[in-house]
Amino acid sequence: MALETFAPTGPLAGEVRVPGDKSISHRALILAALADGPSRIDGLATGADVGSTITCLDRLGVRVSQGVVHPPRGGLRPPDGPLQAGNSGTTMRLLAGVLAGQPFRSTLDGDASLRRRPMARVARPLRRMGADVLARPADDGDEETAPLEIRGPLPPGPLTAQVHRLPVASAQVKTCLLLAGLHAAGRTTVIEPFPSRDHTERLLRVFGVVVTDGGRLEVGGGYPGAEAGLVGRAVSSGGHAVSVVSDGWPLLHPVELAVPGDFSSAAFWIVAGLLVPGSALRLAGVGVNPTRTGLLAVLARMGAAGAVALEGLPEAVDAADGAECGEPVADIVVRGLEPARARRGSVPGVLRATLVTAAEVPSLIDEVPILAVAATQAEGVTVIEGAGELRAKESDRLEALASELGRMGAHIEAGPDRLVITGPTRLHPARVSARGDHRMAMALAIAGLLTQPVAGRQTEVAGFETAGVSYPGFRRVLEELAS
Ligand code: S3P
């Protein structure tokens, strides 16, 4: 396990092109695999997670070479062994939706961390749609975990279209069920308590599928009889609804796509740029989909509004244009906040504490680790509510943040579904663990930059190499910006 050290630096300056969006890359690859010809995808994420999706697709007969996806003629092929999703929950849950509609049996498996993550949330609704899904009962409670053994309905035919009401907003579960919905006859609807990231809906439209979103209809064609399925606002009893209509046989057109930069990777530089005094960063070509950028709204409330700007944001997004995957894209320009003057005997807070509500959490779900780091530098008590889902990520992020940032002197408590961070604190160098979690690794690295200098001591992040799951080269970029 690699131990990487991080120490306070001078201003961070320069332009960064963050890796392609991980969420969009998985979806673009999977949808292209279902199209009736080769698609070209530029700017795919380079991390290990998207590599897992490519490897799994390869076993299903899909060739991905130099950004071109070649689906097999006649549909996906039965794999000759288990599909390895590695550390990637998105790979497993999204592919589960596709495999539920296939006339062959396949097994999805993952690393030790992924084998601990909850899968009943996809296994149960897929069974209700008629798929045969075998999962491993979890050691505690009635949860189910990987490996998942999946096959479509017997005798082979379309799944049953259904309305699914999710107890917790989850883009992975929503996408799994919409992908299964492409293989179901009729209208498949997913209702979430709060809207989660809508990359799937946007990309489906680019691939020519009709998707309705809370009653807003975007016509893309592709499905015979789709028009007959038009409905009004499907949100009858609260929540956010999206639907796809199909005759059971996905009909996706090949496309050319360019994947925008990943906001979740940019988030580390946004917080670092704000908190390392004198910094000036340009993060070029980042996806700023409003379902992903809750962190910007929260940082603005915390007093950073004037220090973060979006440049080149288009006035409108063409839903059918693959050029940016139907997503708004902009440069994010960040400058360091002026260090506040310390009152005597106290630590200066450059930000103000805030309350992050449960409704906001889906829009910043992956940014909670770096937001927690920012909150350690804010004056007052920051509370992040309704964040129980963080316990089911690559690590139990609520517990991991409380213990690891706690080692660096942060005042941070984890409740069952919340974080409470009291700031500002002068962090101190410590030996911390990434917990096998890429976003923990990078959040702790940025925390290391914010520590007070202690001669001969640096922040040591054990297992830092896991950052490569989403951001290969993160360390090198940091060094370039600091030099
Ligand atoms: C993702 C959705 C989120 C997020 C994950 C990627 C996606 O998970 O945390 O990193 O690509 O759909 P949930 O859907 O489980 O909240």
Side-chain angles (χ1 to χ4, degrees), residues 19-31 44-45 47-50 52-53 85-98 110 113-114 116-123 125 143 145-146 164 166-179 190 192-204 240 242 259-260 262-268 287 289 291-295 325 327 358-371 384 386-398 417 437-443 466-467 469-471:
D21 189 284
K22 182 160 86 71
S23 286
I24 297 174
S25 296
H26 289 296
R27 288 159 170 78
L29 286 161
I30 292 171
L31 292 179
L44 279 170
D49 267 11
V50 169
S52 295
T53 290
N87 192 244
S88 175
T90 312
T91 304
M92 181 165 286
R93 294 194 178 119
L94 268 50
L95 283 180
V98 172
S113 149
L114 185 51
R116 281 193 295 272
R117 295 179 65 185
M119 292 298 152
R121 53 185 64 193
V122 291
E143 197 35 91
T145 53
H164 304 276
L166 309 189
V168 177
S170 163
Q172 291 181 358
V173 178
K174 172 177 68 177
T175 303
C176 168
L177 299 175
L178 292 177
L179 291 171
V190 182
E192 298 183 282
F194 306 113
S196 63
R197 63 190 68 189
D198 65 357
H199 305 307
T200 306
E201 296 89 309
R202 288 171 186 260
L203 268 182
L204 278 169
H240 183 91
V242 290
V259 178
D262 197 323
F263 182 83
S264 297
S265 298
F268 297 103
N289 180 324
T291 62
R292 282 288 292 283
T293 47
L295 175 74
C325 298
E327 301 275 342
E360 286 179 299
V361 166
S363 70
L364 49 76
I365 184 94
D366 293 335
E367 284 64 73
V368 169
I370 192 63
L371 176 58
I384 305 175
E389 271 298 284
L390 272 286
R391 292 198 179 272
K393 296 294 178 192
E394 286 83 333
S395 67
D396 173 345
R397 286 186 181 156
L398 298 188
D417 71 345
D437 181 337
H438 55 128
R439 300 206 197 279
M440 284 298 299
M442 291 181 277
T466 188
V469 158
S470 62
Y471 203 153

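Predicted, not measured: the structure shown is a model, and the values here were computed from it. Atoms within a ligand are numbered from 1 in the order they appear, just like the ligands themselves. Values reported hereafter were calculated over all heavy atoms of this structure, with side chains retained and with hydrogens, waters and symmetry mates removed.
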4.5 Å side-chain heavy-atom contact, I365 and L390: yes

H199 and C325, any side-chain heavy atoms less than 4.5 Å apart: no

Within reach of ligand 1, part of H26 (heavy-atom separation under 4.0 Å): neither

Are the side chain of [X] and the backbone of [Y] linked by a donor-acceptor contact shorter than 3.5 Å?
X    : Y    : answer
E192 : S170 : yes
R27  : S23  : yes
N289 : E327 : no
S265 : Y471 : no
D21  : I24  : yes

Atom indices of ligand 1 within 4.0 angstrom of S170 heavy atoms, with elements: 13 (P), 14 (O), 15 (O)

Distance filter under 4.0 Å to I365 heavy atoms, resulting ligand 1 atoms: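 Atoms satisfying the 4.0 Å criterion: 9 (O).
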
For [atom], which protein heavy atom lies nearest, and how many Å away is it?
atom                    : result
atom 11 (O) of ligand 1 : S23 OG, 2.7 Å
atom 10 (O) of ligand 1 : D366 OD2, 2.8 Å
atom 12 (O) of ligand 1 : R27 NH2, 2.6 Å
atom 2 (C) of ligand 1  : Q172 CG, 3.6 Å

Contact check, K393 vs ligand 1, heavy-atom distance below 4.0 Å: yes

Test of proximity, A171 against ligand 1: N or O pairs below 3.5 Å: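 Between A171 and ligand 1 (N or O atoms, distance only) the closest approach is under 3.5 Å.
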
Heteroatom distance test (K22, ligand 1): nitrogen or oxygen, under 3.5 angstrom: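 Min N/O separation from ligand 1 is not below 3.5 Å for K22.
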
